[in-house]
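We're numbering straight along the sequence, starting at 1.
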Amino acid sequence: MPEDKVHKLTLVTCTAPVNIAVIKYWGKRDEDLILPINSSLSVTLHQDQLKTTTTVACSKSFKEDRIWLNGKEDDINQPRLQSCLRELRRLARKRRCDGDPSADVLTYSHKVHICSVNNFPTAAGLASSAAGYACLVYTLARLLGVEGELSEVARQGSGSACRSMYGGFVQWRKGEQEDGKDSVAEQVEAESHWPELRVLILVVSAERKPVGSTAGMQTSVETSPLLKHRADSLVPGRMEEMISAIRQRDFVAFGELTMKDSNQFHATCMDTYPPIFYLSDVSRSVINLVHGYNRHYGETRVAYTFDAGPNAVIYTLEQHVAELVQVLMHFFPPETNGGEFLRGLPVSPVSLSEELKGSIRMNPLSKGISYIISTKAGPGPQLVEDPNVHLLGSDGLPKKSP
């Protein structure tokens, strides 16, 4: 790992991805260990479009642990953050005690400075905490020389972060043990398994959610009978169906189950007392558009899913992306020019038939979608070798923006 000889500063920088669940995690059976009431399954998105970058520095000159998130210093004493720091330092000490000669006793005894940035809206239903904690855990583990099962540690920061420790298609097994040792993530298939699968993120709002996920799911567990029925009776079968659909690259089965599970998740939010509303009028218009598009073709070509926020994540196959983007731009005309409205993987413009426009049965809604991110499945966390990418300078403080 790179070391600044003058200040005896050790720096490591890594990136980690966002994941979007197709079988949703909602509700914990243990708040402290973050153990879920049901298993879940997600697609890891490509870091070329969506990622968290984290630099961790350690030095004997540091007086205390510190953290900066998206340019602002934050509270290092947040309980979940402390859980991850404590566990990784414990694992580093254990490695040393087990007689590993390569374990550096100084790194885990020194204080750390952590600097993290997202290249996407934070806390707007785009899984920012998952990417953030996955990146934090992966980067700290590289710094401390900790190896092995890290998803269990990431889970203690943010439940869905455990799924961002792998690329491709990932399941988080709920586990049965009280200590959570078997509540871990594992890769179902690599990102290369289904190269034709494409993802469009429709950013409806980049504003912070009115009800955070942690508070929302706790209220759901306490008040929603539908949530318990979903976790006990429906999710186990849906996990098997979803894994089968992914392995067979069966988009119709994958898409329909993705939409049904998203709808049911938001139904449990409505069943919560008081009810929680994450979807907006624009979200519901997107749902209508997708069903209208599929109805026009007589098959499921497009699927939506919504996490705890109004932004839509659309799954489709590569051959349908260009037309679908044109449909979205027709019914949600952009305020900005096309280049700013569509970001990420390039999409060629195509013409739409009047028949297709008419069959979707809705009026154009201006200002509905801020922009679209075009992406695909991608790999898990990555070590960044380029020292110029470090977010912290040789003084251990965030670099000033140029």
Side-chain angles (χ1 to χ4, degrees), residues 16-30 33-47 50 127 129-131 133-135 137-138 148-177 179-195 197 199 213 217 227 230-251 253-262 264-265 268 303 305-308 313 315 376-381:
V18 166
N19 74 77
I20 300 294
V22 289
I23 301 294
K24 303 296 188 188
Y25 148 57
W26 195 251
K28 306 182 195 73
R29 67 180 192 272
D30 187 308
L33 294 175
I34 310 189
L35 302 179
I37 63 170
N38 64 269
S39 298
S40 55
L41 196 147
S42 59
V43 181
T44 298
L45 303 186
H46 206 288
Q47 294 178 57
L50 295 152
S129 65
Y133 273 105
C135 204
V137 166
Y138 189 79
E149 176 53 65
L150 295 174
S151 76
E152 186 193 341
V153 184
R155 188 202 74 225
Q156 295 175 50
S158 171
S160 53
C162 70
R163 298 191 308 250
S164 278
M165 298 303 290
Y166 297 96
F169 304 85
V170 184
Q171 67 170 320
W172 172 14
R173 294 183 180 275
K174 72 167 188 171
E176 303 295 338
Q177 295 172 209
D179 63 2
K181 294 296 182 188
D182 59 345
S183 184
V184 295
E186 60 184 44
Q187 188 180 66
V188 173
E189 292 290 348
E191 61 272 17
S192 58
H193 169 71
W194 200 349
L197 191 69
V199 184
S213 299
M217 66 175 74
L227 183 68
R230 164 182 160 73
D232 294 345
S233 303
L234 299 176
V235 171
R238 286 185 170 183
M239 287 290 292
E240 290 181 12
E241 290 173 41
M242 184 60 81
I243 290 170
S244 174
I246 289 166
R247 288 189 167 147
Q248 294 176 38
R249 293 185 284 272
D250 180 344
F251 185 82
F254 171 86
E256 290 182 1
L257 192 49
T258 293
M259 291 187 281
K260 287 176 180 178
D261 204 72
S262 175
Q264 190 179 82
F265 157 54
T268 63
T305 189
F306 295 82
D307 281 342
V313 177
Y315 291 100
K376 60 183 180 180

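To the nearest 0.5 Å, the span separating CD on Glu176 from OG on Ser183 amounts to 9.5 Å. Taken from CZ in Phe254 to OH in Tyr315, the straight-line distance is 5.5 Å, to the nearest 0.5 Å. To the nearest 0.5 Å, the span separating SG on Cys162 from CG on Leu150 amounts to 11.5 Å. To the nearest 0.5 angstrom, Met165 atom CE is 11.5 Å from Asn19 atom CG.
Partners of Arg247 by salt bridge (Lys or Arg N to Asp or Glu O under 4.0 Å), not counting sequence neighbours, listed by chain and number: Glu189. Annotation: ring pair (Phe, Tyr, Trp, His ring centres under 6.0 Å) contacts of Phe169 (sequence neighbours excluded): none. For Lys28, the salt bridge (Lys or Arg N to Asp or Glu O under 4.0 Å) criterion is met by Glu31, not counting sequence neighbours. Annotation: side chain to side chain donor-acceptor pair (under 3.5 Å) contacts of Thr44 (sequence neighbours excluded): none. For Glu152, the salt bridge (Lys or Arg N to Asp or Glu O under 4.0 Å) criterion is met by Lys181, not counting sequence neighbours. With sequence neighbours left out, Glu256 forms a salt bridge (Lys or Arg N to Asp or Glu O under 4.0 Å) with no residue at all.
Looking only at side-chain heavy atoms (C-beta outward), Val43 and Val313 stay at 4.5 Å or farther from each other. Contact annotation: the side chain of Leu45 approaches that of Val199 to within less than 4.5 Å [non-hydrogen atoms, C-beta and beyond]. By the 4.5 Å heavy-atom criterion applied to side chains, Leu257 and Val22 are not counted as neighbours.
Using modelled atom types, one finds no donor on one side chain facing an acceptor on the other under 3.5 Å when comparing Thr268 with Arg230.
Taking each heavy atom of Ser158 and Ala130 in turn, the nearest pair found is OG-N, 4.1 Å.
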